[in-house]
Colleague: 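My questions will all concern the structure given below.
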Amino acid sequence: MKQSASLPRTILAPILLGVLAVALWQLAVVALEIKPFVLPSPVSIATEFSGSVSSVWAASLVTGANALIGLLIGAVVGIIAAIIATVLPITDELSAPLVAAASVIPIVALAPVFYTMFGADKETARQLVAALAVFIPVYLNTLRGLRQARPVHRDLMRAYGASAWQATRAVTLPGAVPFLFIGLRIASSLAVISALIGEYFGGPIGGLGKSITSAAASSNYSLAYAYVLGAIILGLVFYIVTLGLEKLVSPHRASASAP
Amino acid sequence: MSTESSAQNQPIASTGPAAVSVTGVGKVFASRKGADVTALEAVDLTIAPGEFVSLIGPSGCGKSTLLRLIADLDTPTSGSIEVFGKTARQARIDQAYGIAFQQAGLLPWRTVRANIELPLELHKVGKAERGARSSELLSLVGLADFADKYPDQLSGGMQQRVAIARSLAESPGLLLMDEPFGALDEMTRERMQTELVRICAETGAAVVFVTHSIPEAVFLSNRVVVMSPRPGRIRDVIAVDLGRAEGRGEGLREADSFFEAVVAVRESLHGEAAGAPAARGVDQR
Amino acid sequence: MSTESSAQNQPIASTGPAAVSVTGVGKVFASRKGADVTALEAVDLTIAPGEFVSLIGPSGCGKSTLLRLIADLDTPTSGSIEVFGKTARQARIDQAYGIAFQQAGLLPWRTVRANIELPLELHKVGKAERGARSSELLSLVGLADFADKYPDQLSGGMQQRVAIARSLAESPGLLLMDEPFGALDEMTRERMQTELVRICAETGAAVVFVTHSIPEAVFLSNRVVVMSPRPGRIRDVIAVDLGRAEGRGEGLREADSFFEAVVAVRESLHGEAAGAPAARGVDQR
Amino acid sequence: GCSSSGGSDDSTDSASGELTPVTLQLQWFAQAQFAGYYAALDQGYYKDEGLDVTILEGGADIVPQDVLSAGDADYAISWVPKVLGSIEQGAEITDVAQIFERSATTQISMKDKNITTAADLKGKKVGSWGYGNEWELFAGMQKAGVATDDISLVQQAFDMNGFLAGDIDAAQAMTYNEYAQVLEATNPATGKLFTPDDLNVIDWNKEGTAMLQDAIWADSAKLADDDAYADQTVKFIKASIKGWIYAKDNPEKAAAIVTAAGSTLGESHQLWMTNEVNKLIWPSTSGGIGMIDEDAWKQTVDIAMGTKNETGATVISAEPPASAHTNEYVEKALAELKDEGVDTEGADFTPIDVTLKAGGE
Amino acid sequence: MTRTGSPLGRRVLLGVLGVVVLAAIWELYKALGPATGVVIGDLTVLPRTSDLAMPHVWDMVARLFRPVRSAGDDEMMWQAVLQASFFSLGVAAVGWFVGVVVGMVLAIFMQRFRTAESALLPWIVLSQTVPLIAIAPLVKRWGSQIEIGSFSWENWMSVALIASYLAFFPVSIGALRGLGSPDVNHVELMRTYSVGWWATLVRLRLPASVPYLLPALRLAAANAVIGTVVAEVSIGLRGGIGRMIVEYAAAAGGDPAKPWAPIFGAVLVGLLAAGVVALIGLALARYRRGETPA
Ligand SMILES: Nc1ncnc2c1ncn2[C@@H]1O[C@H](COP(=O)(O)OP(=O)(O)OP(=O)(O)O)[C@@H](O)[C@H]1O
Ligand SMILES: Nc1ncnc2c1ncn2[C@@H]1O[C@H](COP(=O)(O)OP(=O)(O)OP(=O)(O)O)[C@@H](O)[C@H]1O
Ligand SMILES: Cc1ncc(C[n+]2csc(CCO)c2C)c(N)n1
Ligand SMILES: [Mg+2]
Ligand SMILES: [Mg+2]
């Protein structure tokens, strides 16, 4: 049985690994004389980053806002859709191919369509792209989770003549929470990535995605990676907030080794 | 005390519709590999309101299945079931019964108290009332100190007691209980039995009670239904005349009539088996 | 038949190292909210090889906990445990025991047969041998017809029998059984008891057996350990002298010595409670 | 397998014994913008020079000059302002032939918006692709006194829908591509295709902020140290120029060659692109196709140093090194071509008339 | 509990019905909605209904049955799309497989070592926040350096690698969770058998993780397709759906139905991928006995 990991281990281990990796990277760039336009060194990225903190921050705000709105829309719709699909199985059957389709329409394909539908000068399309990207893992995982309720618990709800909604709230949803959060965890970083790739295909200028491609197009990779670093931090913030939320709302569990 | 034939499965009292009326019920579990299991066959049983009926029979004879059919958790392959004059389905929707499963079936993410309050919560009972009721039930099953623990922090018997409390929460007119006292020690068990009898007397609830303990069945019941092994049928219905619940005290357990009933049930239960050659296996099928 | 004081918890025979030796063991379950539960306190117990010891006591008194400590599934807060002269941990690693939990704990994706064969498979027993052994065990527990079913297709008692079969699969020198016959009907139970006694006699296995049934404890055991409610302690150890397993037959259940032992255990178990004022709750704490 | 190399079906594998393998990295997918190279390949001009050329198509994130400086290609096609930035970042590459003499970048708008000069962009929603394609726009605005804060800048997609839907007032359009895309779309007001009369065009050549576009880039260090590479560069330029001359003289055939090379653009669109690209090259006023006009180079460098984008950055902060461009190789190539009696100035060039069809088909 | 999933016929029928319903909603909205879309304040909440934004369903379908270019001898659009779809599917399948293997290995490694989990997990998450557009050129460049004997790195491998970069993530997260999901009961049983970590993994953790693994595999499939298409655009690989999407976008103004053809192709690829995962789910049915029928 695993004991819950100590704080130093949860914090120190990843940092140590990170420091090690970055050090190796720096060493490789210096030792092998890798040119900056092939792979910039961590030091030059850090320098560039601290030099352009304000523009990275501004870009992160734009992309972050889109990702957040997308995450909220996608998660709420995903959870509701999964519940509806559980309560009214026919909707699940009706929508199965549509959801399967929606889950694989590449952002590349949909972003231009959304820009045309909702305006190329608005953030809406990017938010929708992020929402769609979020919807899928949240919906799929929640749906699977909702189906995991133990037979004895399902019987119990039946015995209480509980309405489908009541059963969902009392038994199925709490049981699905761990699954839901797997979906959300995946979705949180996906929201950032999608909002960012959405910028690739149009919309107002100012986000991280556009900044990365602009810098990269003129081989200013240190700057490009400074923005990438911004994107990484943004994604990490999203992930950590999701994780915190999970710890907050997770129901009590009797599992020997829940991660 | 008398042994009726299964054709005469009539309740002792019959005012208004029967609490449970099972007519010609059969249940076959289909299996993909063709080896279907006939769990129940031609079961007829009528239970009057306020009557306490125990089901007893060898492991796997279909007791739980019958209970689940009455609770409309499964549908019979043949025959029909009525509960308080309604279809089993309607009765379930109308919350005509409380149920305690063979497995405790507590929700792991709810505290002991929240588990007990679950049905009340689902049926929109106010918070204050819920709290009062659950406190009452907690001390009834001797778990007042454990109100805020989670199921995984309880022993097996304690979990079962929580499940019993939960089934009693709404004072239903019909109680369906599947080996509720199976994991309890003798003393706790006897106390729970006494409490159950008292509660039934107070609320006038009918009870269908699955047990493996003959003395328990006799002590608790108006009638003991003895079932035969697969395919499950009713072999005998033994009326126990120990007086209505109010009068039953601990002294009863020492009474002659009690022992007579115990012997009758045991004989019915083991009857055929006693004659049959003892196979290496255990169930006598 | 005699009642020893708990200081004299010596096994009846003492050749070689004891099968189990529990010394001054305590177990406290820490709780975040501060309300720690002391499950066991100062437990001393020695069990000889081949000896059959039953644990009996009120619900929640720590029987399962003690068994889990012996099985090295949890570690004592104080005291030490040895199994066949080794630490509990080493004994577990050396596969010194077989165990049947209070809940069946079958793997839902394995058939009945595959569940029984699990320990054999894990310990690299050949396929043919595994099949032979599981067939033998299946008919022992009366489930030969159900070899290919999945656990969710079995009744509660049938699941429990599968778990028992699984615990016997490797013919271990020590059997730890937590209310294994709890969900079985009287007949199946008695048959299983007889089989268990036979198996122990054949393999010379020591058994630690948790039960709530006093007759069962008396029928099966060399000694019955009576535990007191929380904090769990050993209140009495009652030696039962019904002769070694080989000699025990069904007739024994009717013998006087049998009833005497039953009464002794019951008195020890209910002793204090009888004197105490009956609280509304059930457990007497 | 050459499935991913983008080379057309000519790579004479069997006879490549004496041929020198050469790779050319384009800055986008196969299209008539690169007609000359595909024509040279198709017509065997490269082979005539002893070169076995593989053309690598570009992608959205492929920076041709980086592929070149990383050694994964022998030559690359890219815009001068984009490469200047890379050179400042340490890329050692040289503009050895300035194929496009004129800029094709324009800012187009619907007539009713009345945007005819850079100054009119003030307060408008202005489209741009980014990717280093935006510098002429910024230079024009700067020259006209319009700050980047005065407009709202919108990233343009791969299509012109944002412009057609009215989300973008003035959209960036290459004369050879996006401009045509608009003319291939139906004007909802008339039910017919848009016509040039429906549009206002800001042409950066006329505004004086044009920058040099498609050029052939080579590895500076290898040019200096590796005589074979230097020779090969001359040969490569020579054959490429022949390809472009072929495109000038046979626009329909050139368009067909590009289509055969795997471009799925519509027929009329492809031809339009060929024709418009020809206009950027021909007639050559710099002394022959490929010659780098020093004034145009200087203008490009000046704009690159003096123009700020929306984040306040400039393309480069200092003059590029002298190695950034040279006419040495193109002159040799032109000389050889003149010896062969080839017209490398195309003074007689007359563009054809292309009628665009809906969707470019 | 036996699974009583609805028969295939019914599922297909209802699925088709669902698509028809969507098409009907599309046309209904197109007919009734305002051309400029429903705008509240500055926010377009419902899309525009112009032919440019929302082509008629029948136009999009009809476009599939015309040649790619009306040049006559061109192949039909649906043929071209189908061809591109299968190309992308092949690449995505390789990416999916690599991603699943990597994801599983990572999850198992993290399950085994607590420290590995806390050290690796943040970085795995972090890896997903690195924009594809930043890594695509790197992968292509590094790939092109690889040449071992007769093996030489090809562009499609770069695309597959990028696809696997997106695919491994849901697998590692889902599998990690699933490997930790067995009942305490069962973990303890394994402990009593004192079998090693490996046997516990094979006999208990892997089977128990199936309910978690299936959505992960499906997400991985979706991600692999998305990664393939994005990477095709990013590094300019010819032959697949991604390239087609960008190329056809140029015709969007004059032929609004054309860009939808590769989108349908992408959907087809996705459906095939999801179908394969569903088959895997069917094969693993006995590990999902507790599940309510889907
Ligand atoms: N879901 C199911 N699928 C297939 N067979 C089943 C299912 N549930 C029960 N059975 C079979 O039906 C028979 C009766 O089972 P049931 O649970 O009613 O027995 P029981 O009398 O309650 O036994 P026990 O005393 O052991 O709990 C058994 O043979 C069992 O194998
Ligand atoms: N994981 C745990 N966390 C906290 N408390 C626990 C835990 N497990 C057991 N306990 C407590 O320890 C005490 C003893 O439990 P145990 O399961 O040993 O009882 P038992 O004698 O087996 O009872 P039963 O006969 O009801 O099975 C109980 O009060 C229980 O609440
Ligand atoms: C990622 C990306 N790169 C370039 C362009 C624009 N574009 C397409 S072709 C061309 C000119 C050269 O043909 C330009 C500038 C775009 N829209 N998106
Ligand atoms: Mg049962
Ligand atoms: Mg216990």
Side-chain angles (χ1 to χ4, degrees), chain D residues 1-6 25-31 56-63 66-67 70-73 157-167 177-178 180-188 193-194 256 259 261-270 273 356-361, chain E residues 35-37 44 48 50-53 63 66-72 74 80 84 87 131-138 140-145 152 154-159 230-239 242-259:
Chain D
C2 59
S3 61
S4 56
S5 68
Q25 175 68 54
L26 303 182
Q27 54 178 333
W28 197 241
F29 305 155
Q31 57 180 356
L56 305 176
E57 294 182 84
D61 296 313
I62 300 302
V63 182
D66 288 344
V67 178
D72 294 335
F158 294 101
D159 55 43
M160 289 300 276
N161 288 357
F163 174 71
L164 293 171
D167 299 328
N177 194 4
E178 290 78 9
Q181 282 180 31
V182 174
L183 298 181
E184 289 154 9
T186 311
N187 182 347
L193 297 189
F194 282 102
T259 299
S263 171
T264 56
L265 290 173
E267 200 174 7
S268 68
H269 190 92
Q270 197 78 272
M273 191 183 287
L356 287 168
K357 301 205 186 97
E361 293 193 341
Chain E
T36 54
T44 314
R48 300 163 175 170
S50 61
D51 282 343
L52 197 60
R63 188 64 187 87
R66 297 212 320 265
V68 175
R69 287 160 302 185
S70 46
D74 259 10
F87 180 85
L132 274 193
I133 44 184
I135 54 165
L138 285 184
K140 181 181 151 81
R141 183 160 322 133
W142 289 339
S144 65
Q145 314 283 326
S152 71
E154 291 187 34
N155 269 348
W156 72 263
M157 297 176 189
S158 298
V159 172
V230 171
E232 279 173 358
V233 176
S234 195
I235 70 169
L237 179 65
R238 178 191 285 193
R243 167 78 169 258
M244 200 175 230
I245 285 171
V246 175
E247 281 185 327
Y248 287 6
D255 191 356
K258 191 173 179 181

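Per chain, numbering begins at 1; letters A, B, ... match sequence-line order. Everything numeric here is computed off the predicted structure, so don't read it as measured data.
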Colleague: Nearest heavy-atom pair of D/Thr264 and E/Glu247: which atoms, and what distance?
Modeller: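 Shortest heavy-atom separation between D/Thr264 and E/Glu247 comes out as OG1-OE1, 2.8 Å.
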Colleague: Identify which of D/Asn161, D/Thr186, D/Leu265 forms the greatest number of heavy-atom pairs closer than 4.5 Å to chain E.
Modeller: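 Highest number of heavy-atom pairs under 4.5 Å: D/Asn161.
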Colleague: Give, as side chain, backbone, both or neither, the part of E/Ser50 having an atom under 4.5 angstrom from any heavy atom of chain D.
Modeller: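 Looking at E/Ser50, nothing touches chain D.
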Colleague: Distance check, rounded to the nearest 0.5 Å: E/Arg243 atom CZ versus D/Phe29 atom CZ?
Modeller: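 Result: 4.5 Å between the selected atoms.
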Colleague: Where on D/Asn187 is there a heavy atom nearer than 4.5 Å to chain E: the side chain, the backbone, both, or neither?
Modeller: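 Neither part, no heavy atoms under 4.5 Å.
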Colleague: How close do D/Ala261 and E/Arg238 get, counting heavy atoms only, and between which atoms?
Modeller: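 Closest pair (atom of D/Ala261, atom of E/Arg238, distance): O-NH2, 2.7 Å.
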Colleague: Return the CD1 to CG distance between E/Ile235 and D/Leu56, rounded to the nearest 0.5 Å.
Modeller: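 So the CD1 of E/Ile235 and the CG of D/Leu56 are separated by 11.5 Å.
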Colleague: Specify the closest pair of heavy atoms between D/Ala358 and E/Gly254, including all atoms of both residues, with the distance to one decimal.
Modeller: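 It is CB-O, 4.2 Å.
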Colleague: So which of E/Arg48, E/Lys140, E/Glu232, E/Lys258 has the largest heavy-atom pair count under 4.5 angstrom toward chain D?
Modeller: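 Highest number of pairs under 4.5 Å: E/Arg48.
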Colleague: Minimum heavy-atom separation for E/Ala251 and D/Gly359, please, with both atom names.
Modeller: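 Heavy atoms only, the tightest pair is CB-O, 3.9 Å.
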Colleague: Looking at D/Glu184, D/Met160, D/Gln181, D/His269, which one has more heavy-atom pairs under 4.5 Å with chain E than the rest?
Modeller: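 Ranked by contacts with chain E, first place is D/Gln181.
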Colleague: Atom CD1 of E/Ile245 and atom CG of D/Asp159: how far apart are they, to the nearest 0.5 Å?
Modeller: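 It comes to 12.0 Å.
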